[in-house]
Amino acid sequence: MGRLFGTNGVRGVINRDLTAEKVMRLAASAGALLCGEIAVGRDGRTSSPMLRNVVVSGLLSVGCKVRDAGVLPTPALQHAVRHLGLDGGLMVTASHNPPEFNGIKVIAGDGVEVSRQREAEIEDIFFSGGPEPTPWNRIRTVSKLDALDPYKWAILSHVDRDVIRGAHLRVALDPGNGVAALSAPAIARELGCSVSTINAEVDGRFPGRESEPRPENLDGLRALVKASEADVGVAFDGDGDRAIFVDERGDAHWGDQSFALVARDFLAQNPGEAVATPVSSSRAVEDVVAAGGGRIVWTRVGSVIVSRAMVEEGVRLGGEENGGVMYGPHQPVRDGSMTMALILEIMAREGGPLSKLFGELPQYAQMKDRVACPEDLKQRTLEVLRESVEAPKVETIDGLKLRYPDGSWILIRPSGTEPIFRLYAEAENEERAAGIVEEHKRLVEEVIGSLD
Ligand code: MG
């Protein structure tokens with residue numbers, strides 16, 4: 001049976017890997033499985049109106065009722081599905097991918113993207129010729145759904161608006177021409193912040209910057225923070241589920257630092273609670289959770305896996321190092337605008353500059369690398385590595401995570417999407433992190449060479 005789904009839904013280059021015909025059949029297959037009333041949303045990509053139309057047709061063809069939410073962030077559609085008790089949602093988006101890409105995220109009735117098992121069921125229907133079409137007299141309707149306003153108000157209801165308003169924060173926002181432009185500036189203004197923006201027009205060609213916010217492509221936001229003397233800068237990815245922060249000095253901080261800030265505050269408010277995060281997350285997160293008397297629920301890498309673990313184990317906070325924070329009291333999925341509101345509340349309550357808050361967090365040196373490995377050798381390589389590695393503690397939640405007495409660690413993990421092994425290491429200093437990576441890179445290469 002073929003595969004459609006990657007790590008976050010179905011993605012591809014439009015009209016090459018991902019055609020209108022394919023998406024219509026995918027939507028019909030998903031509709032046949034989810035059944036009932038389905039919300040449809042889309043991001044601002046140039047190909048999204050085309051895909052929205054075939055998604056609606058595909059859903060109608062199998063007897064679903066369609067609620068069209070228009071252009072909005074993915075988490076806004078997820079909120080609507082759960083809040084209104086709909087049977088599911090289909091979001092037309094390729095998240096942070098380049099403009100020639102598009103894709104579909106399939107959302108279950110609980111607002112979280114469907115599990116791997118449900119994806120496989122959709123693939124089964126898709127590859128066995130698609131679902132049975134519904135008789136003419138059972139074709140249902142399409143109606144509008146206003147999901148954006150209720151979503152904004154839901155976020156505002158989860159923070160202390162008076163405290164944030166009282167702090168008169170200056171906020172610089174960079175939605176990267178993505179759909180966070182429709183939520184984040186309005187929310188920040190409602191919180192009494194004075195807001196300046198860059199790349200705040202929704203434009204599916206992403207003329208302002210790459211759609212994935214990374215510290216190295218946020219020069220525009222950094223300059224805006226300085227020019228507007230902002231207290232904080234926030235950059236979002238293309239579909240608004242991730243946020244990356246820039247402090248008042250113009251320094252960008254990777255997502256595990258902002259997640260650690262949120263986790264530290266969450267445990268101060270909710271002592272002893274659990275926090276879910278993938279095994280690739282920084283020890284800074286582990287340290288603040290331990291210091292707050294909390295417990296980490298480690299998961300495999302992938303935001304859907306973290307969200308699903310939160311739902312299954314009743315965990316109310318989750319996060320990833322790429323700027324995806326899942327705040328369960330709002331919804332157990334990544335939400336960039338919610339993350340922004342949480343950081344604004346922390347800044348308002350603590351009073352100090354954001355650089356000071358980040359400076360209080362434990363700092364570790366990180367190192368990443370990769371080793372090419374043919375798809376068919378990944379599993380055996382992992383098995384042999386497991387026998388050959390030497391570390392006092394070896395964890396096998398996802399790949400191999402080796403922990404050392406000095407607190408350093410390395411994760412050796414086969415990529416789910418590329419023919420490579422990924423190596424991530426973290427240590428007290430760069431020399432140590434580089435040393436661990438170097439040593440294990442050699443080992444992984446040796447093992448692959450011996451199997452080849
Ligand atoms: Mg995204």
Side-chain angles (χ1 to χ4, degrees), residues 5-12 14 18 40-45 47-48 51 69 71-81 89-107 111-114 119 147-148 151 155 173-184 199-200 202-206 208-215 217-218 221 234-245 254-256 258-259 277-278 280 301-308 318-327 330-340 416-417:
F5 288 88
T7 318
N8 277 107
V10 179
R11 301 259 176 100
I14 206 73
L18 202 66
V40 173
R42 63 182 167 97
D43 68 12
R45 285 167 193 272
S47 58
S48 290
L51 293 192
V71 182
L72 78 179
T74 299
L77 189 75
Q78 294 177 291
H79 176 261
V81 168
L90 263 66
M91 180 72 190
V92 176
T93 181
S95 183
H96 61 273
N97 287 150
E100 64 272 25
F101 281 77
N102 213 329
I104 304 288
K105 288 182 175 177
V106 182
I107 297 154
V112 181
E113 286 172 75
V114 291
E119 289 176 353
L148 202 49
Y151 163 73
I155 289 174
L173 300 179
D174 175 4
N177 303 109
V179 285
L182 305 176
S183 57
N199 307 323
V202 176
D203 186 332
R205 297 163 302 158
F206 304 122
R209 64 160 163 85
E210 282 177 277
S211 185
E212 169 149 45
R214 285 181 283 115
N217 64 18
L218 299 182
L221 178 61
V234 195
F236 301 86
D237 80 324
D239 68 332
D241 58 359
R242 295 201 263 139
I244 293 290
F245 293 82
W254 195 221
D256 43 21
S258 41
F259 177 45
T277 199
S280 53
V301 175
S303 71
V304 183
I305 295 167
V306 180
S307 290
R308 287 265 154 238
E320 301 178 299
E321 92 291 354
N322 60 14
V325 173
M326 300 102 169
Y327 185 64
H330 170 52
Q331 55 179 350
V333 297
R334 300 188 295 193
D335 190 327
S337 293
M338 182 74 242
T339 310
M340 173 192 75
T417 50

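Atoms within a ligand are numbered from 1 in the order they appear, just like the ligands themselves. If you read the sequence from its start, that first residue is 1, and numbering goes on from there.
Counting backbone and side-chain atoms alike, S95 contributes an N/O/S atom closer than 2.8 Å to the Mg ion (ligand 1).
Minimum-distance N/O/S atom of D237 relative to the Mg ion (ligand 1): OD2.
Here the angle at the Mg ion (ligand 1) defined by OD1 in D241 and OD1 in D239 stands at 90°, rounded to 10 degrees.
Rounded to the nearest 0.5 Å, atoms CD (Q78) and CD1 (I107) are 4.5 Å apart.
Between the side chains of R11 and N97, at least one donor N or O sits under 3.5 Å from an acceptor N or O.
Put simply, the residue from D241, T74, I155 that forms a side chain to side chain contact (heavy atoms under 4.5 Å, CB included) with D335 is I155.
At a threshold of 4.5 Å between non-hydrogen side-chain atoms, the residues F236 and S183 do not count as touching.
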